[in-house]
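Here's the structure, in structure tokens; my notes come after.
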Amino acid sequence: YWGGPVCIEEVTFAPIVADQGRYEAFDAGQFEAVYLRDPMLIQRSMDDGVGGYDTYQNSQNVLLLNGGASESPANDVAVRQAVAHAIDSEQLKERDFQGAGSARTSIIGPDSRYAAGQEGPAHDVEAATALVEEAKSAGWDGNLEMVCAQSSQDVALTLEAQMESVGMTIDITLLPDFTALIDQVGVRKEFDVACWGLNGLDEGLWATLNSSLVSTSPSNYGGLADPAIDTAMDELRVAIDDEATEAALADLQEALNEAVPTVPLYHGFNRVVHTDELVGTTPTGNSLVFFSTAFLEQ
């Protein structure tokens with residue numbers, strides 16, 4: 001470090017589960033940097049004039065449906081379509097996020113460079129009710145098990161009310177953290193619907209969506225194998241410009257609306273905020289930050 005600042009020799013990462021707790025600790029001077037996902041707190045940090053690195057994520061929060069990961073009522077496409085039409089993402093946004101973020105059921109968010117009018121499943125109570133009755137006539141009892149992390153409790157309660165309004169009965173299990181959620185959904189596959197995220201990045205759209213949607217992906221935790229989705233993802237993989245990408249995304253959205261492996265709830269930013277004293281960090285994709293050349297100004 002001859003002739004320059006002495007870089008940080010040790011970085012401590014503290015696991016605070018809730019965004020609210022992380023930002024309060026940051027605001028109290030306990031940390032030089034924290035990771036935020038909650039749209040309300042991201043907006044608050046901006047209003048507070050706090051510096052940070054922003055990463056836009058398509059389908060940041062979604063409702064994942066069990067399309068074949070294990071035996072589930074959600075294996076029935078009528079049940080999945082009913083869930084999709086029952087969800088009112090605008091109400092979710094206003095009720096649980098005070099209007100922050102972008103509520104859309106499309107796979108691509110409105111602030112993406114690839115936003116081209118893609119439309120996800122419409123909020124349609126009549127259609128949802130009819131699909132619930134269709135599935136019940138085929139033997140379904142109307143019950144669904146929904147698992148979410150404790151930090152998503154408010155979202156879970158709003159989704160529960162929306163789905164029960166069209167004739168479903170929802171049993172919510174709140175898990176202590178995302179590690180427990182990943183274990184129950186990704187490892188043990190014990191869920192019908194789950195609070196989840198696809199986190200599609202404009203900088204690597206095919207790679208980040210492919211892992212969640214393609215039939216053969218080990219990260220396709222919903223387990224749905226759909227040829228139309230696979231074909232659209234193949235088109236996205238070889239798209240050579242924005243026009244070809246948007247065309248592939250249009251085909252993908254059509255396939256998703258039909259098969260409903262997941263229902264996007266909202267899209268938005270992740271933000272890594274930092275103090276003015278923390279200098280020399282290097283942001284990369286997906287909210288990753290390198291600290292190898294970081295130092296604290298005195």
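This structure is a prediction, so every number in the text was calculated from the model and none was measured. Note that these values count all heavy atoms, side chains included, but never hydrogens, waters or copies made by symmetry.
- With contacts defined as side-chain heavy-atom distances shorter than 4.5 Å, the pair P264/R104 does not qualify.
- Linking ILVMFWY side-chain heavy atoms closer than 4.5 Å, directly or via other members, places L288 and Y56 in two distinct hydrophobic clusters.
- By the 4.0 Å N-to-carboxylate-O rule, D141 lies too far from K136 to be salt-bridged with it.
- Within 6.0 Å of CD on E258 lie no more than 12 heavy atoms contributed by other residues, nucleotides or ligands.
- In summary, the side chains of D96 and Y266 do not present any donor paired with an acceptor at a separation below 3.5 Å, with no hydrogens or angles considered.
- No chain of hydrophobic side-chain contacts below 4.5 Å, direct or via other Ile, Leu, Val, Met, Phe, Trp or Tyr residues, connects V279 to V289.
- The heavy-atom pair separating E235 from D251 by the smallest distance is OE1-OD2, 2.8 Å.
- Under the 3.5 Å distance criterion, with hydrogens and angles disregarded, no donor-acceptor pair is assigned to the side chains of E119 and Q253.
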L63 vs W196, side chain to side chain contact (heavy atoms under 4.5 Å, CB included): CA-CA, chis, key distance, verdict: CA-CA 6 Å; L63 192 62; W196 206 249; over 6 Å; no

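- Of the possible polar contacts, none joining the S112 side chain to the G109 backbone as a donor-acceptor pair under 3.5 Å is found.
- Between F26 and H274, the distance separating the two ring centers is not shorter than 6.0 angstrom.
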message: With side chain to side chain contact (heavy atoms under 4.5 Å, CB included) as the criterion, how do L201 and Q57 come out once you've worked through the C-alpha distance, each side chain's angles and the decisive distance to 0.1 Å?
response: CA-CA 5 Å; L201 303 175; Q57 294 185 328; 3.9 Å; yes

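- A salt bridge does not link R37 to D19: none of the charged side-chain nitrogens sits closer than 4.0 Å to a carboxylate oxygen.
- The cluster map of Ile, Leu, Val, Met, Phe, Trp and Tyr, joined by side-chain heavy atoms under 4.5 Å apart, puts V185 and L213 in the same cluster.
- Looking at every heavy atom in both residues, V166 comes nearest to A128 through CG1-CB, 3.8 Å.
- Proximity of a side-chain donor or acceptor of N75 to a complementary backbone N or O of S72 within less than 3.5 Å is detected.
- In F178, the CZ atom is not crowded: 12 or fewer heavy atoms of neighbouring residues, nucleotides or ligands sit closer than 6.0 Å.
- We find the CG-CD distance between L41 and E24 to be 8.5 Å, quoted to the nearest 0.5 Å.
- Atom CG of L92 and atom CD of E90 lie 9.5 Å apart (nearest 0.5 Å).
- Taken to the nearest 0.5 Å, the CG atom of N61 stands 12.0 Å off from the OG atom of S89.
- Heavy atoms only, all atoms of each residue included: Q118 and A116 are closest at OE1-N, 2.9 Å.
- Pairing each heavy atom of H267 with each of I108, the nearest pair is CE1-C, 3.7 Å.
- Not one N or O on the side chain of S70 forms a donor-acceptor pair closer than 3.5 Å with the backbone of E190.
- Panel note: side chain S137, backbone E134; a donor-acceptor pair is recorded below 3.5 Å.
- Checked by atom type, the side-chain pair N66/E71 shows no donor-acceptor distance below 3.5 Å.
- Remark: the backbone N or O of V50 is not paired with any side-chain donor or acceptor of S45 at under 3.5 angstrom.
- Looking only at side-chain heavy atoms (C-beta outward), N199 and S59 stay at 4.5 Å or farther from each other.
- Looking only at distances, no side-chain donor or acceptor of D230 sits under 3.5 Å from a matching main-chain atom of D234.
- For the pair G222 and F191, the tightest heavy-atom approach, listed with the atom from each and the gap, is CA-CZ, 4.3 Å.
- Residues V62 and L181 share a single hydrophobic cluster, defined by chaining ILVMFWY side chains whose heavy atoms lie under 4.5 Å apart.
- Here CG of L198 is found 5.0 Å from CD1 of I107. Values are rounded to the nearest 0.5 Å.
- With S217 contributing its side chain and V214 its backbone, the two residues share no donor-acceptor pair below 3.5 Å.
- Using a distance-only test at 3.5 Å, with no hydrogens or angles considered, a donor-acceptor pair links the side chain of R80 to the main chain of A259.
- Side chains of V34 and V272 form no contact here, defined as non-hydrogen atoms less than 4.5 Å apart.
- The CG atom of N143 lies 8.0 Å from the CG atom of D171; values are rounded to the nearest 0.5 Å.
- Side-chain contact between M233 and L236 is present, with at least one heavy-atom pair separated by less than 4.5 Å.
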field: R44/Q20 under side chain to side chain contact (heavy atoms under 4.5 Å, CB included): CA gap, chis, key distance, verdict
entry: CA-CA 11 Å; R44 177 181 162 187; Q20 182 71 39; 3.7 Å; yes

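- A pairwise comparison of heavy atoms in L278 and E32 identifies CD2-O, 4.0 Å as the closest pair.
- Put simply, the side chain of D202 reaches to within 4.5 Å of the side chain of N58, judged on heavy atoms.
- Atom-to-atom distance recorded for F290:CZ and T281:OG1 is 11.5 Å, nearest 0.5 angstrom.
- In this structure, T282 and T293 have side chains that are in contact, with non-hydrogen atoms separated by less than 4.5 Å.
- In this structure, Y35 is a member of the same hydrophobic cluster as I8, with clusters built from ILVMFWY side-chain heavy atoms closer than 4.5 Å.
- With hydrogens and angles ignored, the 3.5 Å screen pairs no side-chain donor or acceptor of R271 with any backbone N or O of D54.
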field: Trace of the side chain to side chain contact (heavy atoms under 4.5 Å, CB included) decision for L131 with V83
entry: CA-CA 9 Å; L131 286 161; V83 170; over 6 Å; no

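- The closest donor-acceptor contact from the side chain of S165 to the backbone of Q162 lies under 3.5 Å.
- Contact check for Q150 versus L175: no side-chain heavy atoms found under the 4.5 Å cut-off.
- For the residue pair T55/N270, the side-chain donor-acceptor check at 3.5 Å is not satisfied.
- A 4.5 Å side-chain heavy-atom check between C148 and Q153 finds every atom pair outside the cut-off.
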